[in-house]
Amino acid sequence: MKLKLKNVFLAYFLVSISGLLYALVQLGQPCDCLPSLRAAAEQLRQKDLRISELQADLHRPPPAPAQPPEPEALPTIYVVTPTYARLVQKAELVRLSQTLSLVPRLHWLLVEDAEGPTPLVSGLLAASGLLFTHLVALTPKAQRLREGEPGWVRPRGVEQRNRALDWLRSGGGAVGGQKDPPPPGTRGVVYFADDDNTYSRELFEEMRWTRGVSVWPVGLVGGLRFEGPRVQDGRVVGFHTAWEPNRPFPVDMAGFAVALPLLLAKPDAQFDATAPRGHLESSLLSHLVDPKDLEPRAANCTRVLVWHTRTEKPKMKQEEQLQRQGRGSDPAVEVLVWHTRTEKPKMKQEEQLQRQGRGSDPAVEV
């Protein structure tokens with residue numbers, strides 16, 4: 001049965017009227033939406049306030065950066081460097097001196113293995129701009145390497161390092177630079193830095209606040225990617241090393257620093273020229289601290305900031321030929337740039353440990 005158009009319109013009209021009447025009735029009822037409106041208004045107000053604060057920050061000058069301590073307030077780092085005459089001596093001392101010049105509050109104790117000061121070293125120190133003390137100590141003939149002997153057969157730099165310790169404790173004997181030792185109560189730290197290593201300037205800030213003996217890993221040493229302490233819960237619990245791991249202190253000379261007051265309080269602590277191979281560091285440290293009391297630095301010994309690099313001995317065959325012909329290089333010419341090459345490190349111990357599943361931690365960047 002078909003609906004008539006009139007009936008459809010009538011139904012639509014009735015529904016519309018009903019809806020209209022319901023709406024009119026609701027307009028007269030009390031509204032419970034006021035709390036919601038107030039909450040929305042508060043949110044808008046908070047947003048406007050935050051926008052105002054951000055706008056104010058944009059126009060406010062940036063805060064002054066935190067000022068580092070004045071150099072006079074820093075403990076002094078005493079860097080002890082033995083050196084001896086050789087073709088690459090000046091090149092290596094220039095490189096080291098320029099690294100040290102980046103470090104505030106540093107005193108360089110450069111000790112020549114010689115009977116007296118040489119013009120080369122005296123001139124380099126005078127031009128370095130560093131606070132320095134120039135010392136000399138000749139290695140006895142019986143302790144010197146013989147022709148063809150590998151460097152590890154005899155400990156080197158012993159007399160020179162001990163000469164520096166003597167100067168720190170009592171002074172006297174300086175042949176140039178600062179003559180007086182640090183006065184009692186001086187805050188400082190002593191570090192033994194060979195002239196052929198490579199140092200990050202970060203290392204010196206790591207060691208500056210040493211209380212006793214601080215330690216860190218050393219790269220490219222002992223046939224490994226690095227040697228160094230193993231640290232757990234902020235304490236040294238062992239050492240990553242391949243050669244004689246049972247040494248009292250299996251660390252490299254470049255891997256520790258000693259607080260100056262501790263050295264001064266232990267006048268008998270020095271390096272022993274008769275110590276067995278690899279025990280030179282232990283001969284000093286055994287007088288100063290127990291292994292359990294070592295202070296790990298360099299992010300709990302997970303960062304390498306010093307490398308045991310060695311410079312290849314330059315080949316002088318052509319120079320010798322020219323000298324025999326009377327046409328050698330002019331000795332009066334001062335050399336200011338050197339074509340040095342670093343020896344390729346020997347990784348025999350590293351390869352052995354890797355085969356045993358005990359290789360150096362690859363997470364440590366060398």
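In this chain, numbering begins with 1 at the start of the sequence shown. Only this structure's heavy atoms are used, side chains among them; waters, hydrogens and symmetry mates stay out.
Looking at R235, its side chain never comes within 3.5 Å of a backbone N or O of D293 through a donor-acceptor pair. Panel note: side chain R297, backbone W216; no donor-acceptor pair is recorded below 3.5 Å. Between the side chain of E112 and the main chain of T118, a donor-acceptor pair closer than 3.5 Å is present. Proximity of a side-chain donor or acceptor of T99 to a complementary backbone N or O of R95 within less than 3.5 Å is detected. When atom types are taken as modelled, the side chain of S122 and the backbone of P119 share no donor-acceptor pair closer than 3.5 angstrom. Looking only at distances, no side-chain donor or acceptor of S170 sits under 3.5 Å from a matching main-chain atom of W167. Between the side chain of S286 and the main chain of S283, no donor-acceptor pair closer than 3.5 Å is present. With hydrogens and angles ignored, the 3.5 Å screen pairs a side-chain donor or acceptor of Y191 with a backbone N or O of A254. Between the R105 side chain and the G188 main chain, no donor and acceptor come within less than 3.5 Å of each other. A donor-acceptor contact shorter than 3.5 Å links the side chain of S200 to the backbone of E202.
The NZ atom of K346 sits 12.0 Å away from atom CG of L220, with the distance rounded to the nearest 0.5 Å. We find the CG-CH2 distance between L106 and W108 to be 9.5 Å, quoted to the nearest 0.5 Å. Atom-to-atom distance recorded for L120:CG and L93:CG is 7.5 Å, nearest 0.5 angstrom. Between the CG atom in D361 and the CZ atom in F226 there is a gap of 5.5 Å [rounded to 0.5 Å].
Around CD of E365, the count of heavy atoms belonging to other residues, nucleotides or ligands within 6.0 Å does not exceed 12. By the neighbour-count criterion of 12 heavy atoms within 6.0 Å, atom CZ of R201 is sparsely surrounded, having that number or fewer from other residues, nucleotides or ligands. When the shell of 6.0 Å around CD of Q46 is examined, it contains more than 12 heavy atoms from other residues, nucleotides or ligands.
L165 and L285 fall within the same hydrophobic cluster, defined by Ile, Leu, Val, Met, Phe, Trp and Tyr side-chain heavy atoms under 4.5 Å apart, directly or through other members. Residues M253 and F249 share a hydrophobic cluster, clusters being chains of Ile/Leu/Val/Met/Phe/Trp/Tyr side chains in contact below 4.5 Å. Y78 is not connected to L203 by any chain of hydrophobic side-chain contacts under 4.5 Å among Ile, Leu, Val, Met, Phe, Trp and Tyr, and they are in different clusters. At a threshold of 4.5 Å between side-chain heavy atoms, the hydrophobic network of Ile, Leu, Val, Met, Phe, Trp and Tyr places F256 and W243 in two separate groups. Linking Ile, Leu, Val, Met, Phe, Trp and Tyr whenever their side-chain heavy atoms come within less than 4.5 Å leaves L135 and L96 in two separate clusters.
No hydrogens or angles considered: nothing links the side chains of N300 and T302 as a donor-acceptor pair under 3.5 Å. Residues T241 and E227 have side chains that bring a donor and an acceptor to within less than 3.5 angstrom of each other.
P229 has its side chain within reach of V215: a pair of non-hydrogen atoms, C-beta onward, lies under 4.5 Å apart. Residues D113 and P82 are not in side-chain contact: their nearest non-hydrogen atoms beyond the backbone lie 4.5 Å or more apart. The closest side-chain heavy-atom distance from T81 to V111 is not below 4.5 Å. Taking the side chain as every heavy atom from C-beta outward, L138 and K141 never approach each other to under 4.5 Å. In this structure the side chain of V258 reaches within 4.5 angstrom of the side chain of L288, judged on heavy atoms. Two residues are said to be in side-chain contact when any heavy atoms from C-beta on lie closer than 4.5 Å; K313 and L87 fail this criterion. The closest side-chain heavy-atom distance from S282 to E244 is not below 4.5 Å. Side-chain contact between H134 and V121: present, with at least one pair of heavy atoms (C-beta onward) separated by less than 4.5 Å.
Between T210 and A257, the closest heavy-atom pair is CG2-O, 3.9 Å. When all heavy atoms of G278 and R247 are compared, the pair lying nearest together is O-NH1, 3.1 Å. When all heavy atoms of R225 and V364 are compared, the pair lying nearest together is NH2-O, 3.1 Å. Of all heavy-atom pairs between P183 and T186, the closest is O-OG1, 2.6 Å. When all heavy atoms are compared, the tightest approach of E159 to A137 is O-CB, 3.8 Å. Contact record, E205 with P104: OE2-CD, 3.8 Å, taken as the closest heavy-atom pair.
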Full working for side chain to side chain contact (heavy atoms under 4.5 Å, CB included) between H240 and L353 | CA-CA 11 Å; H240 174 66; L353 288 185; 4.2 Å; yes
Could you go step by step and tell me if F204 and L100 meet the side chain to side chain contact (heavy atoms under 4.5 Å, CB included) rule?
-> CA-CA 9 Å; F204 298 95; L100 299 182; 3.7 Å; yes
Starting from the C-alpha separation in whole Å, work towards a yes-or-no answer on side chain to side chain contact (heavy atoms under 4.5 Å, CB included) for R161 and L280.
-> CA-CA 11 Å; R161 296 185 186 99; L280 188 61; 3.9 Å; yes
Could you go step by step and tell me if D195 and R86 meet the salt bridge (Lys or Arg N to Asp or Glu O under 4.0 Å) rule?
-> CA-CA 12 Å; D195 58 6; R86 59 201 189 278; 3.0 Å; yes
Can S360 and E350 be said to form a side chain to side chain donor-acceptor pair (under 3.5 Å), step by step?
-> CA-CA 7 Å; S360 301; E350 181 71 45; 2.6 Å; yes
Start with the C-alpha distance between V94 and L124, add both sets of side-chain angles, then the distance that settles side chain to side chain contact (heavy atoms under 4.5 Å, CB included), and finish with yes or no.
-> CA-CA 8 Å; V94 165; L124 185 145; 3.7 Å; yes
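Using a 4.5 Å cut-off between side-chain heavy atoms of Ile, Leu, Val, Met, Phe, Trp and Tyr, V136 falls into a hydrophobic cluster with V175.
Ring pair H107/F132: centre-to-centre distance not below 6.0 Å.
Residue pairs meeting the ring pair (Phe, Tyr, Trp, His ring centres under 6.0 Å) criterion with at least one partner in residues 270-296, sequence neighbours excluded, are F192-F271.
Just one residue in the list V251, L262, L263, V189 forms a side-chain contact (heavy atoms from CB on, under 4.5 Å) with V213, and that residue is L262. Among E92, E343, Q89, the single residue meeting the side-chain contact (heavy atoms from CB on, under 4.5 Å) criterion with T311 is E92.
In this structure, R187 fails the cation-pi test against W209, since its NZ or CZ atom is not both closer than 6.0 Å to the six-membered ring centre and inside 45 degrees of the ring normal.
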